[in-house]
Amino acid sequence: MQLHPRHAWAVTPREAIALQQDLKGEIDTGRPLALPDVRLVAGVDVSVKNGLSRAAVVVTRLPDFAVVETVLATRPTPFPYVPGLLSFREGPVLEEAFGKLGTEPDVFIFDGMGIAHPRRIGIASHMGLWLEKPTIGCGKTLLVGRFEALGPEKGAAAPLVDKGETIGVALRTRGRVSPVFISPGHRIDLASAVAVTLAATTRFRLPEPIRLAHAAAGTL
DNA sequence: GCGACAG
DNA sequence: ATCTTGTCGC
């Protein structure tokens, strides 16, 4: 599918932060996405080992999660892990994988944050600009923000707040299991991001497309 | 200055 | 993310 690269990835940490500040104003988190319009859901994940990064994008079709397409890409890991700058570590290999996509998913779910980020532009938001399609951030642990206790049942949720701003939700995708952190990436609002996440989750903590992508990326 | 810190 | 042993539960 069509990609919209906005800048080169070979930058210093300082330049990376400047780019995030330049781009964050373009992130759209006010667009509803109705479930009936969601047919193809893609899961995105990256595995890293011995200086190499492998990206996997698995496109599934609701409601049965039949795999429509799987694309892989492997490249040298170009950037260290720096909290807040994950997109500069995983962006290059993701860009290559997205370029191989023959189908056009209705929404992408990322392993990582959307706007639940210090500068409101986590990897799901950042790559959303490349894709110009709805993207959702689904993190397993917190990067920024706080939340109040939530019920133990599946579907329980609590707003994720940072500096007085609601940036996502802590969402229980499975009873009595630690919540995941959902935030809009780009071209989708928070309520829709939560609805899509629940629609893409079965019996496990993580959404099915993410689990499939994680397995496809392997351990290198 | 101190603590926090996606994957 | 990756490194790692045992352990709890379906």
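Note that the coordinates shown come from a computational prediction; the quantities given were computed from them, not determined experimentally. Letters A, B, ... mirror the listed sequences (proteins, then strands); counts begin at 1.
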J.: Is there a chain of hydrophobic side chains (I, L, V, M, F, W, Y, each step under 4.5 Å between heavy atoms) that links A:Trp130 to A:Ile136?
T.: no
J.: Would you mind telling me which of A:Ser87, A:Ser53, A:Pro92, A:Pro13 makes a side-chain contact (heavy atoms from CB on, under 4.5 Å) with A:Phe79?
T.: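 Single pass found, and it is A:Pro13.
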J.: CG/A:Asp45 to CG/A:Leu94 distance, rounded to the nearest 0.5 angstrom?
T.: 9.0 Å
J.: Measuring from A:Leu143:CG to A:Met113:CE, what's the distance to the nearest 0.5 Å?
T.: 5.5 Å
J.: Roughly how many Å is it from CZ in A:Arg205 to P in C:dC10, rounded to a whole number?
T.: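 So the two atoms are 19 Å apart, to the nearest Å.
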J.: A:Ser53 near the nucleic acid: base, sugar-phosphate alone, or nothing, with a heavy-atom cut-off under 4.0 Å?
T.: nothing
J.: Just call it for A:Ile123: base, sugar-phosphate, or nothing, with non-hydrogen atoms closer than 4.0 Å on any strand.
T.: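 It contacts base atoms.
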J.: Hey, does A:Gly122 reach any base, or is it just sugar-phosphate, or nothing, if we go heavy atoms under 4.0 Å?
T.: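 Touches a base.
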J.: If hydrophobic clusters are built by linking Ile, Leu, Val, Met, Phe, Trp and Tyr wherever their side-chain heavy atoms come under 4.5 Å apart, do A:Val82 and A:Ile123 end up in the same one?
T.: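 Yes: a chain of side-chain contacts under 4.5 Å links A:Val82 to A:Ile123.
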J.: Which is more 5' along DNA chain C, the nucleotide nearest A:Leu220 or the one nearest A:Arg203? Just name the residue.
T.: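 This one resolves to A:Leu220.
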J.: Base, sugar-phosphate, or nothing for A:Gly137, non-hydrogen atoms under 4.0 angstrom?
T.: nothing
J.: Just call it for A:His126: base, sugar-phosphate, or nothing, with non-hydrogen atoms closer than 4.0 Å on any strand.
T.: nothing
J.: Specify the separation, in whole Å, of atom CD of A:Glu90 and atom C1' of C:dT2.
T.: 13 Å
J.: Under a plain distance cut-off of 3.5 Å, with no hydrogens placed, do A:Thr173 and A:Arg205 share a side-chain donor-acceptor pair?
T.: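 No, A:Thr173 and A:Arg205 have no side-chain donor paired with an acceptor closer than 3.5 Å.
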J.: Given atom NZ of A:Lys49 and atom C1' of C:dA1, what is their separation to the nearest angstrom?
T.: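 My rounded result for the distance is 11 Å.
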J.: Between which nucleotides of DNA chain B, 5' to 3', does chain A make heavy-atom contacts below 4.0 Å?
T.: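 With heavy atoms of chain A under 4.0 Å away, the range is B:dC5 to B:dG7.
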J.: Counting the atoms with a prime plus P, OP1 and OP2 as sugar-phosphate, which does A:Leu85 contact under 4.0 Å by heavy atoms, base, sugar-phosphate, or nothing?
T.: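 Base: the residue A:Leu85, judged by heavy atoms under 4.0 Å, touches a nucleobase.
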